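Here is the naming used below: chain letters follow the sequence lines, and residue numbers restart at 1 for every chain. Fair warning: this is a prediction, and the values are worked out from it, not measured in the lab.
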Amino acid sequence: MEMEKETETETEINLSVKEEEGSKIEDVSGKVHQLPCSVKYNGPSSVSQYFKPKPTPTTGIQESFFRGRNLLGTTLPIPHPYSGFVIGKKSFVKRKASDMSEEKNSSCWEVKAKFQNLTYWNHDTLPSHDDAFSRSFHWLSVAEALHKPVTAEDLVSASMALKKMD
Amino acid sequence: MGSEEASSVPKWASKPCIMGIDEAGRGPVLGPMVYGCLYCALSYQKTLSSLNFADSKTLKEEKREELFENLKADESIGWAVDVIDPKELSAKMLKKNKINLNEISHDSAIGLVIRVLNLGVLLTEVYVDTVGDPEKYRTKLSVRFPSIKFVVAKKADSLYTVVSGASIVAKVTRDRAVRDWVLDETADNIQRNFGSGYPGDPETKAWLENHKHPIFGFPSLVRFSWGTCTPYFKNLVEVLWESDQMDEDGSSGSNGKRQLKLSNVGITSSKRKSEEIESSGKGRCKFFQARKLEQLTHF
């Protein structure tokens, strides 16, 4: 039991690029949508035949409908040098059926596709810079400032600034 | 809003005019709802009575088509329609702040009056088939247009010739719109045998049964907000919305009888829902909370 708890809190993620011969990772930019609802389903669906975003008179705003609801969306680029990835559990080929459970618990993931932008949708309301979703990108620059290694010059200028304050 | 327009302003329009307003396609579970109006000079009323207009429901389709063509050709009659897309109906009735069908209907009728007035037609009397309580509806219209005398009545389409005419305009437009409907969806297995669209029509029922989609529900021709859809949704993939949760908290009032009660579609308690719909950043510093950024320890 103790062991299981351990693995739940400290999961190691091994991310690898799909290694099939001659295969290139599919670019799904423009096809990634964040909906303002929870769809209790995981798997393929005929999205392009049913989900038809259309531009609106307002620049940058698209309109679509899902299950009778009106959605308003906008496409956000993923800031350089980041990328979006669609990942899936790594599939191990030619294994016995008894190994299936082990496969489920594996923390090996592989990249199935990548994207450089995504469209997020609000129910009824126009997307804005105040939306939590677009604001979440702030973390990228904050994280960079927090985690960037400190150089000697940084230390000098910081201590100078401190002295001035005294 | 709106589509075809009658001819440009005729001379008689500057004399006192009467107008009738009626709707077609309020009950059906699919296709647009159409509001139609027909107007003419007060002095033309007698001739109008001789044109054999009757409540469109009592006429055969062929007869309706014939009468519509006749009135279109009649230079002493003006008409206009407002075709409300089923997507608009669903979306408004499923909005975070829901708009019920009566309100949509009233707005459409008001829109038609505005359009005809803006054409330069001197409207003095307007006859309307009621939606909801006739007296409340009449008051609403009279406050909006003080210079017009409104007569709002049940079955106005069989009582007043001018409303019968409007009912033909609306019904023919609705039937043609459904017949020529261009589907948004491009799935190749969508058929066009919609039937009348009325929930009781076996052809409509069969069409609904054959065109439900586990994820998307139905093509957008269908009014998702109709109670008729509820039994079909039971077997579909569950979708949880933030606005449904608000609904359960009792923020929205009672709506039209046909309007889908959302709590029947969603399941379980509202607490569980909000947690499943989005991350909260609960317990983290303000920066993360405001951006709903949660720390992920496992997928």
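B:Phe287 CZ to A:Ser136 OG: the interatomic distance, rounded to the nearest 0.5 Å, is 9.0 Å. The distance from the CG atom of B:Leu293 to the NE2 atom of A:His138 is 10.5 Å, given to the nearest 0.5 Å. Once rounded to the nearest 0.5 Å, the distance linking CZ of B:Phe218 with CZ of A:Arg67 reads 9.5 Å.
Considering only heavy-atom pairs separated by less than 4.5 Å from chain B, the leading option among A:Val47, A:Leu35, A:Asp124 is A:Asp124.
Residues A:Cys37 and B:Leu240 form no side-chain contact, since every pair of their non-hydrogen atoms from C-beta on lies 4.5 Å or further apart. Residues A:Ser46 and B:His213 are in side-chain contact: their nearest non-hydrogen atoms beyond the backbone lie under 4.5 Å apart. Between A:Asn70 and B:Lys87 the shortest side-chain heavy-atom distance does not fall below 4.5 Å. With a 4.5 Å cut-off on side-chain heavy atoms, A:Phe133 and B:Lys292 do not count as touching. Within the 4.5 Å cutoff, the side chain of B:Asp184 has no heavy atoms near those of the A:Phe51 side chain. Between A:Phe66 and B:Phe224, the closest side-chain pair of non-hydrogen atoms is not below 4.5 Å.
When heavy atoms are compared at a cutoff of 4.5 Å, B:Pro214 approaches chain A solely by way of its backbone atoms N, CA, C and O. Contact annotation for A:Phe65: only side-chain heavy atoms (C-beta onward) come within less than 4.5 Å of a heavy atom of chain B. Neither the backbone nor the side chain of A:Ser134 comes within less than 4.5 Å of any heavy atom in chain B.
Look at B:Arg291 and A:Asp131 and you find no salt bridge, because none of the NZ, NE, NH1 or NH2 atoms lies under 4.0 Å from a carboxylate O.
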*Full working for side-chain hydrogen bond (donor to acceptor under 3.5 Å, both in side chains) between A:Lys52 and B:Ser220*: CA-CA 10 Å; A:Lys52 306 276 189 185; B:Ser220 55; over 6 Å; no

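Using cut-offs of 30° and 60° on the angle between ring planes, the pair A:Tyr50 and B:Phe216 is parallel.
Nearest heavy-atom pair across A:Ala132 and B:Ala290 is CB-O, 3.7 Å.
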